[in-house]
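Inspection log for the structure reproduced underneath, given as structure tokens.
Computed over heavy atoms, backbone and side chain alike; hydrogens, waters and symmetry mates excluded. Convention: sequence-line order gives letters A, B, ...; per-chain numbering from 1.
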Amino acid sequence: MAGETVDSVRVRFAPSPTGYLHLGSARTALFNWLFARGQGGTYILRVDDTDDQRSTEESMRSIFGSLEWLGLTWDEGPGVGGDRGPYFQAQRLERHQECARQLLDTGKAYYCYCTREELQAKREHAVREKRPYRYDGRCRELSQDQREHFEAEGRTKTVRLLVDRAGRIVVNDLILGDVAVEADTLDDFIFMKPNFGPLYNFTSPVDDADMGITHVIRGQDHMSNTPRQILFCEALGWTPPAFAHSPMVHNLQGRKLSKRDGAVGVEDYRDMGFLPEAMVNYLARLAWSGEGEQEIFSVQELVDQFTLDRVGKSPSRFDPKKLTWLNGHYVGEKTVAQRTDGAGPFLRRAGHEIDDVPRDKLERIVDAVGDRLHTYADIVTYAGYFFTPDDAYDFDPAALKKWFKGPEALSVVTDVRQTIAAIDPFDLATIEEATREWIEHRGEKVISVLQPIRVAVTGKMVGPSLFDVLELLGKDAVLARLDRAAAELPGLTTQADGESGQS
RNA sequence: GACCCCUUCGUCUAGUCUGGCCUAGGACACCAGCCUUUCACGCUGGCGACACGGGUUCAAAUCCCGUAGGGGUCACCA
């Protein structure tokens, strides 16, 4: 390529559709996407579904959905097409077989008739002798006779790559630097199954070459595959792409993130009320940092600032607390209408009937909840009681224990009824004025009056400003709840006292 | 076990390539105080790290060697 023309960057994210989009994979996809966008390159989505029985349509939809939700849309791939397809690996079988035949024809690969059992036995033997197992290459130079004999026996055959065991293979990794592996630690590995179906280490370099991939950005768990893939490029006469292996994402214990850790899929976080902006921002900051001391990044800022040389080498732990903090920031940037839309489904899922609630009432409630919303799911804690019948909201035992220790609190609940009943009009200013006046007249501390009322009418000790709560509830509901509390609390509080320390 | 990678506050990280500006900076978390009807927000302050041991150097978080610890991979999966 002449002079000033720089080959444009082409990267790919190649998930296998065997589940959901794992957080680690999402980070890999994000790094690829950011790199492509920042370089004015092309981001390709390829589905590595090489006739794996675990591949399912459902998980493919789930992964696409997560990617789209994060905003990591692809320039070429399923749904959008492109001229370097097909983008489903299973549809590239003929191409893989063609390349395999080429290797066979040029003597760079050979058929192996060893059975699985034989290989297994050798492997176990090596392990018993504490030797590293490597294929002994006994099928490398079979005579015509032996071959015919095996064929006549009806043995199945796999295809192995003939590996030159001299020298070393160096991976010039854009994140890790040069990583060298002695060639004699490798062996003639199988890349075509008995049905002449290709294996991952073969399909990957073939497809990358066909799709013109310039940079392979993937997780470090692929590091040990890289030399083998480079070997294919050499055998086929191709220039390998540049590699960049990003560090793993671990759980808080420093182990690989697994299902046992609970939520490890992108959609799990969506379902827990997290925002895609927060996920992207958080994931980007795992192993990567900008040049300044910035923590909050818009997608555009990420695109502008992302470079591979600022990606670190050591694994990072996924910390939900920091994610939550970021999420709170992004929720705060939403309008009340947006927050209402976002939080609604969580109320419904918690069993609250909100379909008959007027939209503007809903928005006023969300507005009153304000920045208490760190995730949309928090709406249930802070506002669930607005959507529960006056005789059915639950009293939080901890709240009762803290604010109904003595008889004074109960007397507040009964005494305030009259004052509240007299408030007219029942609007914020009037409610606050009347209530404060009453408190002052009583001569008690504001908090020791307001909190018992809150617990009485909401069942909780946290929530929006109590005056907002009262107004939003409406006079009838407040009175009904006060009556209910006056009737039920005496029993509940003694019960709570009696049970204290048991649970 | 073999091969490969990694190692700065509890966590995410800046600083390491191009030794001195680092008595190591920021953020999350935590603790305390302020604000406040609660919670949350916000503000102020605090706690808190160069894994260890040797070198090299006038000077080392930064360079070299070793040790320890952690992780990843070792399929006819991807």
With a 6.0 Å cut-off on the ring centroids, do [X] and [Y] count as close?
X      : Y      : answer
A:F232 : A:F202 : yes
A:Y393 : A:F395 : yes
A:H215 : A:F31  : no

Hey, does [X] reach any base, or is it just sugar-phosphate, or nothing, if we go heavy atoms under 4.0 Å?
X      : answer
A:L373 : nothing
A:R46  : nothing
A:A180 : sugar-phosphate
A:K322 : base
A:T458 : nothing
A:R131 : nothing
A:P315 : sugar-phosphate
A:R218 : nothing
A:T324 : nothing
A:E295 : base

Interatomic distance at [atom1], [N] relative to [M], whole Å:
N     : M     : atom1 : value
B:G10 : B:C4  : C1'   : 29 Å
B:C28 : B:A75 : P     : 45 Å
B:G48 : B:G53 : C1'   : 25 Å

- Message: Between A:R454 and A:Q451, do the side chains contain a donor N or O and an acceptor N or O under 3.5 Å apart?
- Response: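 Result is yes, a qualifying pair exists.
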
- Message: Applying the side chain to side chain donor-acceptor pair (under 3.5 Å) criterion to A:R218, which one of A:N225, A:T226, A:T28 satisfies it?
- Response: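 Per the side chain to side chain donor-acceptor pair (under 3.5 Å) rule, the option paired with A:R218 is A:T226, out of A:N225, A:T226, A:T28.
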
If the cut-off is 4.0 Å, is [X] near the phosphate of [N], judged by side-chain N/O to OP1 or OP2?
X      : N     : result
A:K313 : B:C6  : yes
A:S316 : B:U13 : yes
A:K193 : B:C77 : yes
A:R123 : B:A75 : yes
A:R160 : B:A75 : no

[X] with [Y]: basic N within carboxylate O range, under 4.0 Å:
X      : Y      : value
A:D207 : A:R12  : no
A:D221 : A:K256 : no
A:E291 : A:R310 : no

- Item | Of A:Y20, A:F318, A:Y282, the residue whose pairing with A:Y269 passes ring pair (Phe, Tyr, Trp, His ring centres under 6.0 Å) |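 For A:Y269, the ring pair (Phe, Tyr, Trp, His ring centres under 6.0 Å) check succeeds only for A:F318.
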
Give me the distances for all protein-to-nucleotides 34-37 of chain B N/O pairs that come in under 3.5 Å?
{"from": "B:U37", "atom 1": "OP1", "to": "A:R436", "atom 2": "NH2", "distance (Å)": "3.4"}
{"from": "B:U37", "atom 1": "O2", "to": "A:R454", "atom 2": "NH2", "distance (Å)": "3.4"}
{"from": "B:U37", "atom 1": "N3", "to": "A:L466", "atom 2": "N", "distance (Å)": "3.3"}
{"from": "B:U37", "atom 1": "O4", "to": "A:S465", "atom 2": "OG", "distance (Å)": "2.1"}

Which one, [options], comes nearest to the side chain of [X]?
X      : options             : value
A:P194 : B:G26, B:C76, B:A78 : B:C76
A:Y200 : B:G10, B:A78, B:C6  : B:A78
A:R310 : B:C39, B:A78, B:G15 : B:G15

- Item | Minimum heavy-atom distance between A:R317 and A:Q253, given as atom pair plus value |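 For A:R317 and A:Q253, the tightest heavy-atom pair comes out as NH1-C, 3.7 Å.
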
- Task: Decide yes or no for A:D367 and A:R339: does some side-chain heavy atom of the first lie under 4.5 Å from some side-chain heavy atom of the second?
- Result: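 Heavy-atom side-chain distance check passes, below 4.5 Å.
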
- Ignoring hydrogens and angles, does a donor from either the side chain of A:N225 or the base of B:A78 sit under 3.5 Å from an acceptor on the other?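 Yes, a donor-acceptor pair under 3.5 Å.
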
- With RNA chain B as reference, determine whether A:K321 or A:R317 sits nearer its 5' end, using the nearest nucleotide of each.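 Its nearest nucleotide lies further toward 5', so the answer is A:R317.
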
- Item | Whichever of A:K130 and A:Q294 has its nearest RNA chain B nucleotide further upstream toward 5' |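 The answer here is A:K130.
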
- Item | For RNA chain B, the residues among residues 247-257 of chain A that have a non-hydrogen atom under 4.0 Å from it |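 By residue number: A:H250, A:G254, A:R255, A:K256.
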
Expected rows: protein N/O vs nucleotides 41-45 of chain B N/O, under 3.5 Å:
{"from": "B:C41", "atom 1": "O4'", "to": "A:D371", "atom 2": "OD2", "distance (Å)": "3.4"}
{"from": "B:C41", "atom 1": "O2'", "to": "A:D371", "atom 2": "OD2", "distance (Å)": "3.4"}

- Main-chain N/O of A:G459 paired to A:D396 side chain as donor or acceptor, under 3.5 Å: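 Between the backbone of A:G459 and the side chain of A:D396 there is no qualifying donor-acceptor contact (under 3.5 Å).
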
- Step by step, would you call A:H222 with A:Y200 a side-chain contact (heavy atoms from CB on, under 4.5 Å)? CA-CA 11 Å; A:H222 282 285; A:Y200 173 75; 3.1 Å; yes

